[in-house]
Amino acid sequence: MPGLPASAYTDPAVWAAERQAVFARSWLCIGHTQELPDPGDARTFEVAGWSLIVVRAADGALHGHHNVCRHRAGPLLWHGTACSGATRLRCRYHGWTYAPDGRLLATPGFGDDVDRDALGLVPVALDTWRGLVFAWIGPDPAPFADHVADLDAAAAHVPLETFTVVRRVQHTLACNWKVYVENYQEGLHIRWLHPGLAAEVDTADYRVVPRGRCVVHHVAPRGDDAVNAGLWVWQWPTLALNVYAHGMSVERIVPTGPASTTIDYLFAVRDPSTDTEAALAMSAQVTAEDVAICEAVQRNLASGAVDPGPLSTVHEQSVAAFHALLHHAMARATAPTA
Ligand code: FES
Ligand SMILES: [Fe+2]
């Protein structure tokens with residue numbers, strides 16, 4: 001089975017098509033409810049060129065909007081920031097003011113000729129699954145229960161709700177999002193690229209099993225105290241849950257451009273008194289090794305020297321499963337409507 005052509009990772013037209021076909025039309029994990037625990041908490045989330053704002057209203061409900069004022073497109077919150085105690089959202093440019101549910105309340109300096117009812121914030125559908133917040137950026141969200149069904153099955157035995165978020169770490173990569181997703185999908189590279197991780201897991205007994213919109217990694221630890229023993233599961237299109245003995249990392253693969261991606265980790269622990277330094281150090285080491293290879297692959301794809309060759313039918317069927325989900329999303333977006 002061949003891989004994707006090199007142009008799929010470099011062509012700005014492919015990126016533009018994926019923004020609409022994949023990222024505007026999928027449920028995307030954007031964070032954790034523990035990042036917005038109280039009424040008035042608000043923060044931005046950026047994905048695929050969109051800036052979103054999520055705010056918890058006085059009644060406890062979460063509301064999602066594009067972080068784009070209806071006057072002249074100013075932000076309600078600066079890119080990458082958060083606030084607390086917000087009863088209203090005020091644009092940073094000329095002060096138009098919105099309710100947490102998106103209604104336009106005030107337009108300082110304007111008369112009564114502004115149709116406020118027609119100029120609310122553009123909504124983004126939100127839903128939550130076991131503490132994680134998901135957003136649907138485009139119109140007509142698909143049923144959320146369908147999206148999380150495979151993830152539900154894979155993680156049913158893990159008490160995710162009881163974990164406490166303790167840290168957020170971001171890495172910026174100079175590669176297309178698909179290069180990193182494909183890297184996540186297979187354990188074939190572990191023995192070659194990750195010597196520290198290879199010492200902890202039995203790479204000869206490493207299996208990846210596609211299940212609908214998920215790929216589940218079956219990883220056997222080498223010893224009882226191996227810090228990387230547990231469940232690793234990826235969910236279409238850009239979420240990975242890595243559950244370890246001490247807790248988990250919620251790994252979001254956030255596309256930011258045709259050749260740029262941010263890896264956004266939320267680390268959560270089973271017991272807040274646990275010393276997580278060893279686990280965090282291992283994660284940082286493995287991520288640094290993955291960043292190096294993904295950026296090298298991106299440079300080589302961009303050189304035009306070759307198109308990717310065959311995928312292993314034993315170790316990389318999960319990469320093929322990712323490609324099948326991608327093809328389905330792209331075909332669905334271009335299919336004529338009846
Ligand atoms: S752009 Fe928001 S008030 Fe002008
Ligand atoms: Fe890796």
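Atom set for the values below is all heavy atoms of this structure, side chains included, hydrogens, waters and symmetry mates excluded. Just follow the structure's listing: the first ligand is 1, and inside any ligand the first atom is 1. The first residue of the sequence shown is numbered 1, and numbering continues consecutively from there.
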Short list, please: which atoms of ligand 1 are under 4.0 Å from a heavy atom of [X]?
X	value
Trp96	3 (S)
Cys91	1 (S), 2 (Fe), 3 (S)
Gly74	1 (S)
Gly95	3 (S)

Nearest protein heavy-atom contact for atom 1 (S) of ligand 1: which residue, which atom, what distance?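 The answer is Arg72 N, 3.2 Å.
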
Asn242 side chain reached by His217 side chain, heavy atoms, under 4.5 Å: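 A side-chain contact under 4.5 Å is absent here.
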
[X] ring center near [Y] ring center (under 6.0 Å):
X	Y	answer
His218	Tyr206	no
Trp232	Tyr184	no
Phe23	Trp177	yes

Tell me which N, O or S atom of His189 sits nearest to the Fe ion (ligand 2).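 Answer by atom name: NE2.
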
Strictly under 2.8 Å, is any N, O or S atom of His94 next to atom 2 (Fe) of ligand 1? no

Relative to atom 4 (Fe) of ligand 1, which of the N, O or S atoms in His71 is the closest? ND1

Test Thr203 against Leu188 for side-chain contact (heavy atoms from CB on, under 4.5 Å), laying out the working first. CA-CA 8 Å; Thr203 54; Leu188 183 61; over 6 Å; no

Start with the C-alpha distance between Leu239 and Arg252, add both sets of side-chain angles, then the distance that settles side-chain contact (heavy atoms from CB on, under 4.5 Å), and finish with yes or no. CA-CA 5 Å; Leu239 172 64; Arg252 295 188 304 115; 4.2 Å; yes

Within 2.8 Å of the Fe ion (ligand 2), is there any N, O or S atom belonging to Asp290? yes

Does any N, O or S atom of Cys69, backbone or side chain, fall under 2.8 Å from atom 4 (Fe) of ligand 1? no

Students often mix this up, so state it plainly: with edges at 30° and 60°, are the rings of Phe267 and Tyr265 parallel, tilted or perpendicular? parallel

